[in-house]
Every structure is written in C-alpha cells, then in structure tokens.
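The structure appears right after this line, and notes come after that.
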Amino acid sequence: MPLMSNDVTIRRARTADVPAVRALLDSYVRQGILLDKATVTLYEDIQEFWVAEQDEDARVVACGALHVMWEDLAEVRTLAVASELHGRGVGHQLLAKLLQTARWLGVRRIFCLTFEVDFFAKHGFVQIGETPVDGDVFGELLRSNDEGVAEFLDLERVKPNTLGNSRMLLQL
C-alpha cells in the first residue's frame with residue numbers, strides 16, 4: 001500500500017536524526033540538486049530542522065530547515081524527500097510546517113533557492129531577480145559568514161558554487 005502524506009508525522013529534528021538527514025541530502029548532492037553540507041553543520045543547525053517520520057516504522061523520509069536571516073526574513077533550506085515518496089504530499093506537508101514556524105517567529109518573507117519552481121509556486125513563492133532588502137539590511141547581512149546568506153545576497157564569491165537554481169520569495 002502506498003504511503004500517503006497522513007502516514008507521516010512532522011516533528012522537530014533531533015540529533016539522532018542527522019544520519020538519516022545526511023543520507024537524504026547525499027542523493028540530492030550527487031544529482032547536483034543541493035549543495036553539500038558538512039555533517040558538523042547539520043548537527044550545528046539541527047534546531048532549524050523539521051523531519052517527516054513514517055508512522056509505520058519511524059523512518060525519517062524527509063527533512064527541511066528554516067533559517068532566520070533577519071527580523072522579517074528567513075530561508076527554507078535543505079528541503080528533501082526520499083525519492084520513493086515524491087508526489088505523495090510529504091514535501092508539501094513539511095513546507096507547510098516550515099511556513100507555520102516562520103509565521104510563529106514573526107517572519108514575513110521567506111526566501112528559497114530551488115530547482116523545484118512549480119512546487120514552491122504552489123505555495124505562493126514567486127521568482128525574484130534582485131535581493132529584496134534595503135541597503136542597511138544588505139550591509140548587515142554582508143557581515144554573516146553563512147554561505148546561504150551569501151547566496152541570498154547573490155554575492156560574486158558564491159557564483160561558482162551556484163547550481164543554476166531559481167531565487168524565489170514568499171510574502172506571508
């Protein structure tokens with residue numbers, strides 16, 4: 001019987017989930033869809049992650065993170081679903097939880113870099129060209145050492161690593 005989205009539980013990630021998150025990411029990294037992250041970074045950022053866990057066997061089958069960048073701005077990162085579950089609604093359910101978390105935090109704009117333009121468009125994201133922050137915020141964000149922030153700012157130093165994905169933004 002195929003897994004339906006209501007056969008998973010979306011929950012906060014725990015450190016014990018990092019090996020499963022690592023395995024999910026590795027398949028997308030090999031395909032050139034996601035940039036690789038060091039395992040230590042996954043542990044450091046575990047509080048940003050949510051996972052989808054199969055109810056029948058507690059296997060982690062999807063993950064996603066919400067990284068706050070500024071007072072009203074966050075990024076959806078590392079959204080990955082096990083390939084055998086594509087098209088079953090698990091990714092939509094996980095993204096909905098990330099957006100709910102953003103609202104709870106007071107974030108009003110959500111950014112993502114993605115190849116899955118249609119998927120994110122179904123949730124209201126639109127493609128953008130330029131960085132949607134004013135000069136003062138841009139200057140503050142420049143102080144960040146985070147590579148995702150550098151991607152958001154479209155800095156020249158990250159362009160060799162850009163996968164050719166689309167920059168999208170959602171106004172909550």
Side-chain angles (χ1 to χ4, degrees), residues 2-5 7-54 56-67 69 74-99 101-102 110-129 131 145-170:
L3 181 74
M4 301 305 291
S5 65
D7 294 334
V8 299
T9 298
I10 306 297
R11 63 166 175 78
R12 283 277 191 192
R14 299 184 286 260
T15 57
D17 297 322
V18 169
V21 169
R22 167 89 274 149
L24 281 168
L25 299 184
D26 285 347
S27 68
Y28 287 98
V29 169
R30 282 191 299 275
Q31 297 172 58
I33 295 172
L34 288 176
L35 291 174
D36 198 9
K37 287 182 181 263
T39 302
V40 68
T41 302
L42 297 175
Y43 282 108
E44 289 172 346
D45 297 343
I46 197 66
Q47 294 179 77
E48 297 180 352
F49 276 85
W50 290 80
V51 296
E53 179 181 83
Q54 284 187 148
E56 66 181 354
D57 61 5
R59 181 171 73 100
V60 171
V61 294
C63 64
L66 182 72
H67 179 78
M69 300 167 101
E75 179 184 6
V76 169
R77 292 184 172 178
T78 322
L79 187 61
V81 177
S83 60
E84 70 271 16
L85 297 180
H86 287 182
R88 305 239 175 105
V90 176
H92 292 284
Q93 198 175 356
L94 192 52
L95 180 58
K97 178 55 83 174
L98 295 173
L99 297 179
T101 303
I110 311 293
F111 171 75
C112 71
L113 288 167
T114 186
F115 288 108
E116 301 296 332
V117 173
D118 292 341
F119 171 83
F120 282 95
K122 288 177 185 173
H123 291 271
F125 284 78
V126 296
Q127 291 189 53
I128 60 170
T131 304
N145 293 323
D146 187 280
E147 286 300 304
V149 173
E151 288 275 359
F152 171 73
L153 296 176
D154 203 23
L155 299 181
E156 203 59 42
R157 71 177 171 82
V158 294
K159 291 192 182 204
N161 295 324
T162 299
L163 299 170
N165 43 20
S166 296
R167 298 159 50 85
M168 299 185 80
L169 188 71
L170 170 68

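Quantities reported herein were computed from a predicted structural model and do not represent experimental measurements.
- Interatomic distance, CZ of Arg11 versus CZ of Phe49, reported as 13.0 Å (0.5 Å rounding).
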Kindly determine whether Met168 and Thr114 satisfy side chain to side chain contact (heavy atoms under 4.5 Å, CB included), including the steps that lead there.
CA-CA 8 Å; Met168 299 185 80; Thr114 186; 3.6 Å; yes
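- Between Val117 and Gln127, some side-chain heavy-atom pair lies under the 4.5 Å cut-off.
- Looking at Leu25 and Leu42, their side chains come closer than 4.5 Å, going by heavy atoms from C-beta outward.
- Here CZ of Arg77 is found 12.0 Å from CG of Leu34. Values are rounded to the nearest 0.5 Å.
- Here Phe125 contributes atom CZ and Asp118 contributes atom CG; the two are 14.0 Å apart, rounded to the nearest 0.5 Å.
- When all heavy atoms are compared, the tightest approach of Trp50 to Ile10 is CE3-CG2, 4.0 Å.
- We find the CD-CZ distance between Gln54 and Arg59 to be 4.5 Å, quoted to the nearest 0.5 Å.
- Atoms CZ and CD, from Arg88 and Gln93 in turn, are 13.5 Å apart once rounded to the nearest 0.5 Å.
- Taking the side chain as every heavy atom from C-beta outward, His92 and Leu95 never approach each other to under 4.5 Å.
- The shortest distance between side-chain heavy atoms of Arg14 and Val60 does not fall below 4.5 Å.
- For the atom pair CG of Asp17 and CD1 of Ile46, the computed distance is 6.0 Å after rounding to the nearest 0.5 Å.
- Distance alone, capped at 3.5 Å, is enough to place a donor-acceptor pair between the His86 side chain and the Val81 backbone.
- None of Leu79, Val51, Leu99, Val8 except one satisfies the side chain to side chain contact (heavy atoms under 4.5 Å, CB included) rule with Leu94; the exception is Leu79.
- Nearest heavy-atom pair across Ile110 and Leu66 is CD1-CD1, 4.4 Å.
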Take Glu48 and Lys37, measure what salt bridge (charged side-chain N to carboxylate O under 4.0 Å, His left out) needs, and give me the verdict at the end.
CA-CA 14 Å; Glu48 297 180 352; Lys37 287 182 181 263; over 6 Å; no
Apply salt bridge (charged side-chain N to carboxylate O under 4.0 Å, His left out) to the pair Asp36 and Arg22, showing each step before the final yes or no.
CA-CA 10 Å; Asp36 198 9; Arg22 167 89 274 149; 2.8 Å; yes
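- Here the closest heavy-atom approach between residue Pro19 and residue Tyr43 is recorded as CD-OH, 4.2 Å.
- Counting non-hydrogen atoms of neighbouring residues, nucleotides and ligands closer than 6.0 angstrom, the CD atom of Glu116 reaches no more than 12 such neighbours.
- Within a 6.0 Å radius of CD in Gln47, no more than 12 heavy atoms belonging to other residues, nucleotides or ligands are found.
- Across Ala52 and Val90, no two heavy atoms sit closer than the pair CB-CG1, 3.7 Å.
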